[in-house]
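Computation of the quantities below employed the complete heavy-atom set of this structure, encompassing side-chain atoms and omitting hydrogens, waters and symmetry-equivalent molecules.
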Amino acid sequence: MNSTRYQRGMAKLREIDGEAGEHVVASLADIAPDFAQYLVEFPFGDIYSRPGLDLQHREMAVVAALTAMGNAAPQLRVHIQAALNVGVSRQQIVEIIMQMAVYAGFPAALNGLAAAREVFHQPPAQPMMPG
């Protein structure tokens with residue numbers, strides 16, 4: 001896991017998710033370490049690192065897509081938090097999710113709003129202490 005793609009991906013993942021992303025990768029170490037590597041290299045090392053969209057727009061697209069899928073609540077919560085981390089406002093997140101009612105239906109939007117409520121009501125993450 002020392003490839004350039006992996007290193008670039010971990011840097012991008014930390015930029016977006018902080019410690020939360022690292023926890024996801026670590027949680028896969030005992031069952032599917034190769035999958036953890038793919039999860040870092042392709043989405044974050046290749047796609048998120050591309051020019052053309054800033055992180056706010058990328059996370060807005062992900063929130064919309066996961067809301068529309070309707071079956072990815074844990075991932076939606078992670079990406080709602082990531083959107084907040086990169087500067088997307090709560091109101092923008094709510095509007096994105098409401099927009100999905102038009103294309104994915106009211107159940108998907110309702111579930112997305114429930115996920116947003118959960119994230120919005122979590123206590124703020126503690127800043128990382130220098131080590």
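- Of the possible donor and acceptor atoms, one in the side chain of S49 sits under 3.5 Å from a partner among the backbone N and O of F44.
- Counting all heavy atoms, side chain and backbone alike, H79 lies closest to Y48 at CE1-OH, 3.4 Å.
- Here the straight-line distance linking atom CZ of R8 with atom CD of E41 works out to 9.0 Å at 0.5 Å rounding.
- V40 and M10 make their closest contact through CG1-N, 3.4 Å (heavy atoms, listed as atom of the first residue, atom of the second, distance).
- Residue L66 holds its CG atom at 12.5 Å from CG of N111, rounded to the nearest 0.5 Å.
- Listed here is the closest heavy atom pair of E15 and L55: OE2-CD1, 3.2 Å.
- How far CG of L113 is from CD1 of I93: 11.0 Å, rounded to the nearest 0.5 Å.
- Under the side chain to side chain contact (heavy atoms under 4.5 Å, CB included) criterion, Y38 pairs with D34, not counting sequence neighbours.
- Summarising the geometry of E22 relative to L13, their closest heavy-atom pair is N-CD2, 4.4 Å, with the distance given to 0.1 Å.
- V24 belongs to a hydrophobic cluster whose other members, connected by ILVMFWY side-chain contacts under 4.5 Å either directly or through intermediates, are L28, I31, F35, L39.
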Under the criterion side-chain contact (heavy atoms from CB on, under 4.5 Å), I'd like the reasoning laid out for V63 against M100: C-alpha separation, chi angles, the key distance, then a yes or no. CA-CA 10 Å; V63 168; M100 292 305 98; over 6 Å; no

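- Residues meeting the side chain to side chain contact (heavy atoms under 4.5 Å, CB included) test with L110, sequence neighbours left out: none.
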Begin from the C-alpha positions of N85 and Q81 and carry the test side-chain contact (heavy atoms from CB on, under 4.5 Å) through to its verdict. CA-CA 6 Å; N85 292 348; Q81 184 60 58; 2.9 Å; yes

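- Listed for the H121 side chain is a donor-acceptor partner under 3.5 Å among the backbone atoms of R117.
- Both F120 and M98 are assigned to one and the same hydrophobic cluster, defined by single-linkage of ILVMFWY side chains at heavy-atom distances under 4.5 Å.
- Scored by the side chain to side chain contact (heavy atoms under 4.5 Å, CB included) test, H23 finds E19 as partners (sequence neighbours excluded).
- Looking only at distances, no side-chain donor or acceptor of D17 sits under 3.5 Å from a matching main-chain atom of A20.
- Residues in residues 79-106 take part in no salt bridge (charged side-chain N to carboxylate O under 4.0 Å, His left out) pair, two or more places apart or across chains.
- In this structure, Q56 contributes its side chain and V86 its backbone to a donor-acceptor pair below 3.5 Å.
- One finds the CG atom of L76 at 5.5 Å from the CD1 atom of I97 (value rounded to the nearest 0.5 Å).
- Under a 3.5 Å cut-off, the side chain of Q92 and the backbone N or O of S89 do form a donor-acceptor pair.
- Taken from CG in L53 to CD in E59, the straight-line distance is 11.5 Å, to the nearest 0.5 Å.
- In this view, E118 and R77 satisfy the salt bridge (charged side-chain N to carboxylate O under 4.0 Å, His left out) rule, not counting sequence neighbours.
- Transitive grouping of hydrophobic side chains (ILVMFWY, heavy atoms separated by less than 4.5 Å) keeps V78 and I16 in distinct clusters.
- In plain terms, the two heavy atoms of A101 and A109 that are nearest each other are CB-CB, 3.7 Å.
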